[in-house]
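These numbers were taken from a predicted model, which means no experiment stands behind them. Just so you know, ligand 1 is whichever comes first in the structure, and atom 1 is the first atom listed for that ligand. Along the sequence shown, residues are numbered consecutively beginning with 1.
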Amino acid sequence: MSMEIRMIGTGQAFAKKYFNNNALVTCNGYTLMIDFGITAPLAMYQMNVPLDAIDGVFVTHLHADHIGGFEELMLRLKFNYNKKPTLFIEENLVSPFWEHSLRGGLEFGADSRQKLDDFFHIVTLKVGVPMEIHPGFRLEILPTRHFLDMPSYSVIINEQLFYSGDTVFDPELIRAVHERGCMYLLHDCQLEGHGLVHATLAELLTLPDTIQQKIWLMHYGDNMDQYIGKTGPMTFLLQHETYSFPIKASATKNE
Ligand SMILES: Nc1ccn([C@@H]2O[C@@H]3COP(=O)(O)O[C@H]3[C@H]2O)c(=O)n1
Ligand SMILES: [Zn+2]
Ligand SMILES: [Zn+2]
């Protein structure tokens, strides 16, 4: 069995050559969108992927390159597609997501004030509590250090694939997911400068080769092509590409 990941975008927040770092993950017939930033509607359109291909959406954190496309997603799914997907979100993010990021553009309805659960089935995730969101498709969220005390979450899918939300370089976290048996580590990467809110390439290059071999770089700047061949054993994920990651049989209950 394998897990398919389509990179809707691979760019950092303000990249202009690359769309926001968002991904569509399909496993066992279920399609989960990880984040839906400002550029996601255009990226999906250019890839000819309809919005109703999304069964569920997971939010890592509330920066606009990760949630800025939600107003369009929600309005079009509700009114164009008549579809109510599932929102997977850490329990403490639900209120700020609606109250601070979405409500102004979405609460007005013809008959009554709209709420988040008029658009989504809401499923809250807790740190340390893995959840099977669909047969053979499991999520476990991990808190990650991003910007000051802003909550941000990474996710492990089917115990095999680690997908970082935005995070500073956190070698303990990376070692822990490596030692837990994750085979694929998809990690945000700032190519130059100091790593105040993201892991830099220079920091990631300090990891042992055995870990770097598992790392796929994403969330990078417009000058990524200048760094091809300079990432050690790490590999760049490419925008609009689809990756098929084989999953060990022992990690999947429903094969
Ligand atoms: N102290 C900060 C805080 C934020 N930022 C930029 O804002 C972006 C928000 O989205 P992001 O993907 O987390 O990347 C952040 C930085 O580029 C930054 O460069 N320095
Ligand atoms: Zn980001
Ligand atoms: Zn961020």
Side-chain angles (χ1 to χ4, degrees), residues 5-25 32-44 54 57-73 87-90 92-102 125 127 139 141-157 161-170 173-174 177 185-204 215-224 226-227 231 234 236-241:
I5 301 206
R6 297 187 81 174
M7 295 308 299
I8 302 301
T10 53
Q12 51 100 314
F14 313 134
K16 298 295 172 259
K17 277 170 61 181
Y18 303 112
F19 292 106
N20 297 154
N21 197 87
N22 308 155
L24 266 180
V25 184
L32 179 75
M33 182 89 213
I34 301 182
D35 291 329
F36 202 79
I38 298 168
T39 64
L42 180 60
M44 298 274 284
I54 297 171
V57 55
F58 167 66
V59 172
T60 60
H61 69 298
L62 303 187
H63 273 145
D65 55 319
H66 301 265
I67 60 149
F70 264 82
E71 182 174 304
E72 177 168 342
L73 178 70
L87 173 69
F88 299 96
I89 186 167
E90 195 275 337
N92 296 304
L93 285 185
V94 177
S95 174
F97 186 39
W98 175 250
E99 296 294 337
H100 300 164
S101 300
L102 297 176
L125 301 168
V127 169
L139 301 181
I141 58 168
L142 307 171
T144 44
R145 293 189 286 118
H146 182 29
F147 181 50
L148 301 175
D149 58 349
M150 181 178 197
S152 183
Y153 297 91
S154 297
V155 62
I156 296 176
I157 303 176
L161 184 141
F162 170 83
Y163 182 106
S164 80
D166 288 354
T167 178
V168 295
F169 183 55
D170 187 346
L173 176 74
I174 295 171
V177 296
L185 277 56
L186 281 51
H187 206 293
D188 58 313
C189 176
Q190 180 183 314
L191 296 171
E192 45 209 21
H194 296 290
L196 296 176
V197 297
H198 293 287
T200 65
L201 176 59
E203 290 170 327
L204 291 166
I215 293 183
W216 298 74
L217 303 171
M218 57 185 187
H219 204 292
Y220 44 73
D222 281 339
N223 57 348
M224 177 276 266
Q226 294 171 19
Y227 288 85
T231 61
M234 299 182 285
F236 281 118
L237 285 167
L238 300 179
Q239 173 167 293
H240 292 186
E241 289 290 317

Look at the side chain of Asp222 and the backbone N and O of Ala15, then say whether any donor-acceptor pair between them is shorter than 3.5 Å. no

Any protein N, O or S atom under 2.8 Å from the Zn ion (ligand 3)? Found His61 NE2, His63 ND1, His146 NE2, Asp166 OD2

Protein heavy-atom partner closest to atom 6 (C) of ligand 1 - residue, atom, separation in Å: Phe14 CE1, 3.9 Å

Tell me whether the rings of His240 and Phe19 are parallel (<30°), tilted (30 to 60°) or perpendicular (>60°). parallel

Give the single entry among His198, Met150, His219 that approaches atom 14 (O) of ligand 1 most closely by any heavy atom. His198

Specify the protein heavy atom at minimum distance from atom 16 (C) of ligand 1: its residue, its atom name, and the distance to 0.1 Å. Val197 CG2, 3.9 Å

Donor-acceptor contact below 3.5 Å, side chain Ser154 vs main chain Gly165: yes

Using non-hydrogen atoms of the residue, decide whether Leu196 is closer than 4.0 angstrom to ligand 1. no

Among Asn21, Asp166, Asn22, exactly one meets side chain to side chain donor-acceptor pair (under 3.5 Å) together with His66. Which residue is that? Asp166

Tell me every residue that passes ring pair (Phe, Tyr, Trp, His ring centres under 6.0 Å) with Tyr220, counting only those two or more places apart in sequence or in another chain. Tyr18, Phe236

Just say parallel, tilted or perpendicular for the rings of His146 and His61, cut-offs at 30° and 60°. perpendicular

Taking only heavy atoms of His146, which atoms of ligand 1 are found under 4.0 Å from at least one of them? 13 (O)

Find out whether Tyr163 and Val25 are in side-chain contact, i.e. whether some heavy atom of one side chain is under 4.5 Å from a heavy atom of the other. no

Under the 3.5 angstrom rule, does the side chain of Asp170 hit a backbone N or O of Thr144 as a donor-acceptor pair? no

Looking only at distance, does His61 have an N or O less than 3.5 Å from an N or O of ligand 1? no

N/O/S atom name from His219 that is nearest to the position of the Zn ion (ligand 2): NE2

With a 4.0 Å cut-off, strictly under, does atom 19 (O) of ligand 1 pick up any protein heavy atom? no

Between Gln12 and Asp188, does any side-chain donor sit less than 3.5 Å from a side-chain acceptor? no

Do Phe97 and Leu87 make a side-chain contact, defined as non-hydrogen atoms from C-beta onward lying under 4.5 Å apart? yes

Under 4.0 Å from any heavy atom of Phe147, which atoms of ligand 1 are there? 1 (N), 2 (C), 3 (C)

